[in-house]
Amino acid sequence: MTGETQVLPLLEASGVTVLYGRQVGCSEVSLDLWPGEVLAVVGESGSGKTTLLRCLAGMLPPAQGRVDYRLRDGGVEEVYAMTEARRRALQRSDWGFVYQTPADGLRMTVSAGANVGERLMALGSRHYGEIRREALAWLERLEIDGARIDERPQAFSGGMRQRLQIARNLVTAPRLVFMDEPTGGLDVSVQARILDTLRGLVRDMGLSVVLVTHDLGVARLLADRMLVMKDGRVVEEGLTDQILEDPQHAYAQLLVSSILQA
Amino acid sequence: MTTPDPAYNFAYLDEQTKRMIRRAILKAVAIPGYQVPFASREMPMPYGWGTGGVQVTAALLGPEDVLKVIDQGADDTTNAVSIRAFFKRTAGVATTERTEEATIIQTRHRIPETPLTAKQILVYQVPIPEPLRFLEPRETETRTMHALQDYGLMHVKLYEDIATHGHIATTYAYPVKVAGRYVTDPSPTPKFDNPKMNRNAALQLFGAGREQRIYAIPPHTEVVSLDFEDHPFSVQTWDRPCELCGATDSFLDEVVMDDQGRRMFVCSDSDHCARRRSARPEAAA
Amino acid sequence: MSPVLQLRDVEKSFRLHLQGGTRLSVIRGAAFEVAAGECAVLHGPSGSGKSSLLKMIYGTYPCDGGQIRIAAGGAAVDVATAELSALRRLRRDTLGYVSQFLRVIPRVAALDVVAEPVISRGGAPETARARAAALLARLNLPERLWALPPATFSGGEQQRVNIARGFAHPYPLLLLDEPTASLDAANRRAVVGLIEEARAGGAAILGIFHDKDVRDRLADRIIDVGGFAAAA
């Protein structure tokens, strides 16, 4: 369109195939993620959505294809062509990764404050008072009582642990967050609260998100756009209302027809 | 110097093993603070009794060397006495309790108060060489973290200290950064000794037998103790002098005297304390 | 004056994979235009595809054939073939849609639900909320409800929140699917007033209104959908 500045994708995957030995994890997936966009990847267990997510997030190199990321300075770099040092630096500053099981993304043996502060310290923060202030602000933003800053996550409920994991990821103001079933193992009421918090954070921080979920309700609440995966391949792609209201592929129709009506 | 026991090779280890250890030492000196794997041997003493330090010392010893062994600063404790006896028997080398006479000092958990010289080597016995182990159990991960200088985790530990105790409560095995590159565990020496590691004239070698690692701080290398801007590194101080020699600048041990709970504070470095006392006429009397 | 919305030969059928791949044709040869400042009303018996047409224009239902051209910022976008990013831009800036039901979002206050389209376009939150408050007041939603999430509201209350949201941003093209369906006479008048204002402001409006009074009052033109309905 004329008059509008060209918006370029933040993350681009081209023909990504991930193999586990001879087993195919995901096959020839291409996608763009736009700045400020929430992209949901849906499909049943074993459809390759988590494999794709880990590959996009620089954690699982593809056998074929490439993943490109647009840096803050506008330059584009191939995620798997970077040095590991650079990729890690990116993963702990510009990116976040929220695991389904909070224990996978948290350090369970150190306090909530240290969990949130770790990324800051990794980036070179060396002022205890400032790190603690920042950690406290993030705990409260995620609705965790600041008085519990020195408690270990073991003492937290599942929902609190998940909020702590999110705080730990967002403390460096990343641009891109990968989420693997972020509300997977939680009660419905706890889930709703976290989804709502996430919606607000996505909007306020302008986050781009790749969200893996098998729950179309979660996708409906958070996602702008959806990919439907089956047997390692993307079988359908569309805006959230398109997929939910008029799915084209047989599998997508089955998936949508399986939603429980509230 | 006595004649070594002919039943053993000089200093117990065979020559091939010593060469292997020397190669590891050379690599360690070339990469200050980096943990070099080596093929640690079974020694005639249990792990935890200084098998790493003993192997390093064995690889270093020549017939002309003068050996000092200290355990928690003292020359006369079990571990020190038995290791000294071990090398006296297997290598026949001269031994001493006087810091400045020694060419090699094997130590468990102290650095002598007497400044070391360029002619000396300090050999540390190390139980756990990996400073990141406290928070990261996976060896593959800690190695990657070292390779990438990904050291945020070390400060997480110090953060936890302050959050829990109000100050950095780590008082021994206090992590240091060597030559601006590798974060290194100084073995369980008190942090009181950390400043002595910085730009020390002597070569400092660290041997971990069970963990099969050797690392080094070459002479005159910068060694910085990690800290926070608002919680800077500081060493222990005592509000009293050594009750035996009156020293106010040495590391003091608290010694329980009797069943009534009477206790006294004395120098942990027994050589330092003894010589201060002998230099004072009234103490000698 | 060039039309804001222009349909040509639009076709739609549903393929029902779960029913053995049955193909269900619903629209064939739909063609009409709506100009700026005009309110066109889709008319036809129930099941004739009125709502489907609105959803196709909004891009929710993909087209099987034809063109749906919408004037946007000096250019025209064909919804039938547009890239998803272009469609999203179109919805953000040009194309508004008020459905029959509010999609309730847990824990988001009614006022914020209404203000959201303005804020997501980069509007200042205070201005957006002030506009939202004015709209809710106009639609007689009691002020004590504004700070509450609409999940527990009655159908009519939810519908008014939904309408307010649709009118928060002055879209050049508005699609209205039975906006007055569950409202009483007073609120129906308020909604009609909003629609008339939007039209007077130059918006092109395409609506479905079952209520005859509302239809008679608003319709500049009636489009008979019966002519596009595919033979069953």
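Proteins get letters first, then strands, A, B, ... in listed order; numbering begins at 1 in each.
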Peer 1: Just say parallel, tilted or perpendicular for the rings of His231(B) and Tyr128(A), cut-offs at 30° and 60°.
Peer 2: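 Correct class here is perpendicular.
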Peer 1: Under 4.5 Å between any side-chain heavy atoms of Phe228(B) and Ile131(A), yes or no?
Peer 2: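 They are in contact (side-chain heavy atoms under 4.5 Å apart), so the answer is yes.
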Peer 1: For chain A, find which of His155(B), Glu136(B), Gln149(B) contributes the most heavy-atom pairs closer than 4.5 angstrom.
Peer 2: His155(B)
Peer 1: Show the numbers, then the answer: is there a side chain to side chain contact (heavy atoms under 4.5 Å, CB included) between Asp150(A) and Thr164(B)?
Peer 2: CA-CA 7 Å; Asp150(A) 293 328; Thr164(B) 313; over 6 Å; no
Peer 1: What part of Arg119(A) gets within 4.5 angstrom of chain B, counting heavy atoms only: side chain, backbone, both, or neither?
Peer 2: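 Neither part.
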Peer 1: CD1 of Ile128(B): more than 12 outside heavy atoms within 6.0 angstrom?
Peer 2: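 No.
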Peer 1: Going from CG on Leu135(B) to CD on Glu118(A), what distance comes out if it is rounded to the nearest 0.5 angstrom?
Peer 2: 8.0 Å
Peer 1: Within a reach of under 6.0 Å around CD of Gln154(A), are more than 12 heavy atoms found that belong to other residues, nucleotides or ligands?
Peer 2: yes
Peer 1: Tell me if the CD atom of Glu254(B) is crowded by more than 12 foreign heavy atoms within 6.0 Å.
Peer 2: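 Counting other residues, nucleotides and ligands, CD of Glu254(B) exceeds 12 neighbours.
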Peer 1: With a 4.5 Å cut-off on side-chain heavy atoms, are Arg132(A) and Ile162(B) touching?
Peer 2: no
Peer 1: Is Ile149(A) close to chain B through its backbone or its side chain, or both, or neither, when contacts mean heavy atoms under 4.5 Å?
Peer 2: side chain
Peer 1: State plainly whether the residues Glu141(B) and Arg88(A) are in salt-bridge range, i.e. N to O under 4.0 Å.
Peer 2: yes
Peer 1: How far apart are the closest heavy atoms of Val156(B) and Met121(A), and which atoms are they?
Peer 2: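 Here Val156(B) and Met121(A) meet closest at N-SD, 3.7 Å.
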Peer 1: Any chance you could measure Asp150(B), atom CG, to Arg92(A), atom CZ, to the nearest 0.5 Å?
Peer 2: 4.0 Å
Peer 1: Tell me, side chain or backbone of Tyr159(B) under 4.5 Å from chain A's heavy atoms, or both, or neither?
Peer 2: both
Peer 1: List the atom of Leu153(B), the atom of Arg107(A), and the distance in Å for their closest heavy-atom pair.
Peer 2: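 Closest heavy-atom pair between Leu153(B) and Arg107(A): CD1-NE, 3.1 Å.
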Peer 1: If you draw a 6.0 Å radius around CH2 in Trp49(B), do more than 12 non-hydrogen atoms from other residues or ligands fall strictly inside?
Peer 2: no
Peer 1: Could you pull out the closest heavy-atom pair between Arg126(A) and Asp227(B), with the gap in Å?
Peer 2: CD-O, 4.0 Å
Peer 1: With a sphere of 6.0 Å drawn around OH of Tyr80(A), does it hold more than 12 non-hydrogen atoms of other residues, nucleotides or ligands?
Peer 2: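 Enclosed: over 12 neighbouring heavy atoms sit under 6.0 Å from OH of Tyr80(A).
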Peer 1: Could you give the distance from CD (Glu160(B)) to OG1 (Thr109(A)), rounded to the nearest 0.5 Å?
Peer 2: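 Those atoms lie 8.0 Å apart.
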Peer 1: Under a 4.5 Å heavy-atom cutoff, which of Ala122(A), Ala89(A), Ser125(A), Ser111(A) has the most pairs with chain B?
Peer 2: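 Most pairs with chain B among the choices: Ser111(A).
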Peer 1: Using a 4.5 angstrom heavy-atom cutoff, name the option from Gly129(A), Gly117(A), Gly124(A), Gly113(A) with the most pairs to chain B.
Peer 2: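 Of the options given, most contacts go to Gly113(A).
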